[in-house]
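Accompanying notes for the structure given below.
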Amino acid sequence: MKTYSHRVNGTAVPIYYPESPDDLDGFHAFLERPGVIGLDTETTGLRIFSKGFLCRLVQFGRDNEAWVLDAAKFAGIIRYALARPDFKFVAHNAPFDLLVLDRTGLAELEDLGPRVFDTYILGHLCDPRTEHDGGAGLGLKPLSTVYVDNDAADTSKALYEVFRREYKANKSTGWALIDVDHPLYVTYAGLDVVYAARLLRELSILIRTNGLSDLAKLEHRVQLLTTAQQKRGLLVDVEYTEKLMDELETEARDYAALAATYGVDNINSTKQVIAGLEGMGEEWAAKTASGNPAVGKEVLLPMADLDAQWNRLEVRTPNPLADAIIRSKRASKWGESYVRTFLDDRDENDRIHPFIKSLAARTARMSISNPPLQQLPSSDWTIRRCIVADPGQLIVSADYSAVEMRVLAALANVAGLKRLIAEGADLHTATAILVYGEATWNAASAKEQKRMRSLMKIIGFGKVYGGGPTGLARQSGLPYADVKNAADGYDSAYPEINAYGRQLQRQAAYGGGAVYTPIGRRLPLDRDRAYAATNYVVQSTARDVLAEALIRIDDAGLSDHVLLPVHDELVCQFPAADAEEGIRQIGLLMETTINGVHIASEPEVYGPTWGHGYGAPA
DNA sequence: GCGCACCGCGCG
DNA sequence: AAAGCGCGCGGTGCGC
């Protein structure tokens with residue numbers, strides 16, 4: 001047995017590293033003590049489902065003691081401890097450890113998952129902001145610093161230094177290379193479970209006293225459902241994906257070469273792009289947030305004449321450099337951010353297992369990474385076509401119809417909107433008629449009607465996002481006067497929306513700078529962006545609508561069909577013969593009513609691939 | 001070599 | 001009166 005020690009908030013905590021079975025007596029005694037046990041794993045890396053992935057250490061800890069077990073040497077006792085139905089555990093970012101333990105055969109997700117608390121969830125409920133956004137932070141280290149020990153060790157940073165110095169490795173390769181009994185590795189591995197155990201104690205008090213216990217329970221259940229989705233993963237059509245990767249690489253290379261003939265050797269260098277375009281006599285006013293000339297697509301697209309800028313005054317010849325930059329950047333973005341990761345991240349069965357954070361954004365929205373499946377291009381089917389249903393099944397999907405507008409109507413109690421929703425009207429068209437008057441609408445040409453509807457849609461988005469006429473005009477490219485006029489009409493038709501925003505800001509002013517959502521979630525506002533209150537509450541409530549739908553779907557026994565949440569949509573799969581009925585059922589389970597407003601959903605059978613929902617040829 | 005800010009761009 | 005919101009990721013450029 002090796003024994004190390006580290007101070008936690010003033011007291012020395014022993015960290016035990018047993019070397020032979022004889023060393024485990026103390027561990028058995030440790031296990032049998034009452035209370036929740038801190039749990040953590042150290043692994044060869046972050047890609048749980050890649051070839052050669054191993055769990056190296058499994059750590060157990062309480063407030064004043066940690067046990068760090070070599071996962072290979074002590075697999076038997078680890079399995080025993082994790083399978084004991086009367087034991088409860090606490091981990092930070094539990095999905096990672098649950099999937100590690102499940103993948104390596106040390107525990108089963110379905111058995112262990114319901115017995116694990118996650119301090120990440122509790123921390124998020126207490127303050128959903130990262131340190132960067134002025135919050136307590138959401139990592140183990142920042143949370144421990146705030147709630148456990150002002151001098152909490154940054155265990156991973158210190159280890160990166162050891163990786164470099166002693167192993168000539170970096171932060172990603174070091175985890176597999178460091179000796180499994182390296183004293184700092186073992187000490188810091190043990191420290192993390194002590195922090196987790198103490199964090200649970202401290203955060204539980206805050207959760208209870210702030211009335212967040214039910215919400216915490218719900219979030220743990222939702223997290224378990226998304227972790228099961230991550231375990232299931234999605235099947236990649238490797239043959240198609242490899243071919244697409246080739247094509248995108250070629251396209252990116254060819255257009256980059258074309259840009260080089262105009263002196264832009266590196267299309268990703270904003271400096272070079274600015275110099276190249278200015279050298280061709282281009283002039284533009286758009287600036288980035290920090291005041292430099294912007295060369296995003298809002299600048300390049302009009303120059304290249306790739307979009308229909310129908311309000312542009314001057315007729316001009318397309319700029320071939322701008323065109324080449326756009327095309328090369330797009331091909332490399334699609335290739336490197338999406339298609340490449342499908343190939344790189346897949347397991348031995350050609351499945352990808354994206355990391356689904358069920359409680360991610362400061363509004364509680366979910367996020368998906370590695371690969372970022374919530375962000376695949378939707379204008380075009382080619383990327384989504386890489387993802388296919390399991391053999392004999394079809395990809396199906398149900399999404400909420402204008403969920404944020406409906407949530408806004410419900411929360412702000414907007415009489416006009418509520419009436420239109422109840423009537424099943426097309427919201428933007430009906431709003432246009434309301435704002436411009438029936439006579440004007442009827443006298444208008446089809447083109448004018450389309451323009452009025454589109455204005456109402458833009459203003460609606462502005463209401464949900466908190467945008468004013470200036471920004472909306474800039475973003476949409478429409479004349480300010482038209483947008484301002486439309487916004488004024490909108491405000492007269494639906495005065496409750498602005499009143500609701502003012503009410504939220506008053507609440508925040510007297511409520512510690514935070515607003516509260518109907519589910520009881522606390523959303524801190526930035527002092528200088530109080531206008532975001534409406535968006536936060538609406539976005540967050542729409543997220544909770546989806547989260548609660550996942551639970552109803554699970555209660556109905558249909559969870560195994562859910563592949564992914566995409567903010568207002570659930571991507572699922574069903575055996576071909578049941579697809580239509582299956583997604584109809586899920587769509588019905590998704591539907592709910594808030595304050596008399598029906599939150600409707602639309603089911604759709606896509607086909608054998610995800611791309612079939614976006615126009616992929618049958 | 002690494003961390004970080006920034007830019008740009010994909011989604012809802 | 002005016003203010004769009006939330007993510008993840010690849011890339012550059014810079015400081016350490």
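So you know, we letter chains A, B, ... as the sequences are listed, proteins then strands, and number each from 1.
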Given the 90°-from-0 boundary between syn and anti, C/dG10 should be labelled anti
Against the side chain of A/Val295, the closest entry in B/dG8, B/dG10, C/dC5 is B/dG8
| task | Take the angle between the ring planes of A/Tyr465 and A/Phe461 and call it parallel below 30°, perpendicular above 60°, tilted in between. | result | parallel
Mind checking A/Arg164 for me? I need base, sugar-phosphate or nothing, with any heavy atom below 4.0 Å counting as a touch. sugar-phosphate
Any base atoms under 4.0 Å from A/Val538, or only sugar-phosphate, or nothing? Heavy atoms, all strands.
nothing
* Does the side chain of A/Arg529 get closer than 4.0 angstrom to OP1 or OP2 of C/dG6 through an N or O atom? -> yes
Those residues at least two apart in sequence (or on a different chain) that pass side chain to side chain contact (heavy atoms under 4.5 Å, CB included) with A/Ala158 are A/Leu184, A/Tyr188
Requested in this report: Would you indicate what A/Glu404 reaches in the nucleic acid, counting non-hydrogen atoms under 4.0 angstrom: base, sugar-phosphate, or nothing?
Outcome: nothing
* Is the backbone of A/Pro371 close enough, under 3.5 Å, to the side chain of A/Ser369 for a donor and an acceptor to pair up by distance? -> no
message: What contact category does A/Tyr614 fall into here, base, sugar-phosphate, or nothing, at under 4.0 angstrom with non-hydrogen atoms?
response: nothing
TODO: State whether the number of non-hydrogen atoms from other residues, nucleotides or ligands found under 6.0 Å of A/Lys457 atom NZ is greater than 12.
DONE: no
Side-chain atoms of A/Lys297 come closest, of C/dC5, C/dA2, B/dC9, to B/dC9
Here the distance between atom P of B/dC11 and atom CG of A/Leu564, to the nearest Å, is 16 Å
> With no angle test and no hydrogens, is the base of B/dG12 tied to the side chain of A/Arg365 by a donor-acceptor pair under 3.5 Å?
Replying inline: yes
Nucleotide by nucleotide, nucleotides 7-14 of chain C touches protein heavy atoms under 4.0 Å in the pattern (B base, S sugar-phosphate only, - none) BBBSSSSS
Rounded to whole Å, the OH-P distance (A/Tyr465 to B/dC11) equals 12 Å
From CG of A/Leu248 across to P of B/dG10 the rounded distance in Å is 13 Å
Quick one: does A/Glu569 reach the base of B/dG12 with a side-chain donor-acceptor pair under 3.5 Å? no
Can you label the angle between the A/His124 ring and the A/Tyr120 ring as parallel, tilted or perpendicular, going by 30° and 60°? tilted
query: Do NZ/NE/NH1/NH2 and the carboxylate oxygens of A/Arg543 and A/Glu219 come within less than 4.0 Å?
result: yes
Symbol by symbol from the 5' end, with Watson-Crick or G-U pairs under 3.5 Å, [ ] crossing and | another strand, DNA chain C is ....||||||||||||
Between CG of A/Leu570 and P of B/dG12 the distance, given in whole Å, is 14 Å
Rounded to whole Å, the CG-P distance (A/Asn535 to B/dG12) equals 16 Å
Geometric class of the A/Trp175/A/Tyr185 ring pair [parallel <30°, tilted 30-60°, perpendicular >60°]: tilted
Problem set entry | A/Tyr338 ring center near A/Phe342 ring center (under 6.0 Å) | no
Whole-Å distance, A/Arg129 CZ to C/dG6 P, equals 12 Å
Could you check whether A/Glu247 pairs with A/Lys243 (Lys NZ or Arg NE/NH1/NH2 to Asp/Glu carboxylate O, under 4.0 Å)? yes
Judged by nearest nucleotide, the residue sitting upstream toward the 5' end of DNA chain B, A/Ala169 or A/His132, is A/Ala169
Quick note, A/Val566 side chain, CB onward, closest among B/dG8, B/dG12, C/dG4 is B/dG12
List the steps and the verdict of salt bridge (Lys or Arg N to Asp or Glu O under 4.0 Å) for A/Lys463 and A/Glu496. CA-CA 11 Å; A/Lys463 290 298 165 195; A/Glu496 299 95 329; over 6 Å; no
Quiz prompt | A/Lys141 and A/Glu131 ion-paired at < 4.0 Å | solution = no
- Mind checking A/Lys463 for me? I need base, sugar-phosphate or nothing, with any heavy atom below 4.0 Å counting as a touch. nothing
Atom CG of A/Leu523 and atom C1' of C/dC5 are separated, to the nearest Å, by 12 Å
What contact category does A/Leu376 fall into here, base, sugar-phosphate, or nothing, at under 4.0 angstrom with non-hydrogen atoms? sugar-phosphate
Between A/Gln539 and A/Thr470, the residue closer to the 5' end of DNA chain C by nearest nucleotide is A/Thr470
Between OH of A/Tyr400 and P of B/dC11 the distance, given in whole Å, is 22 Å
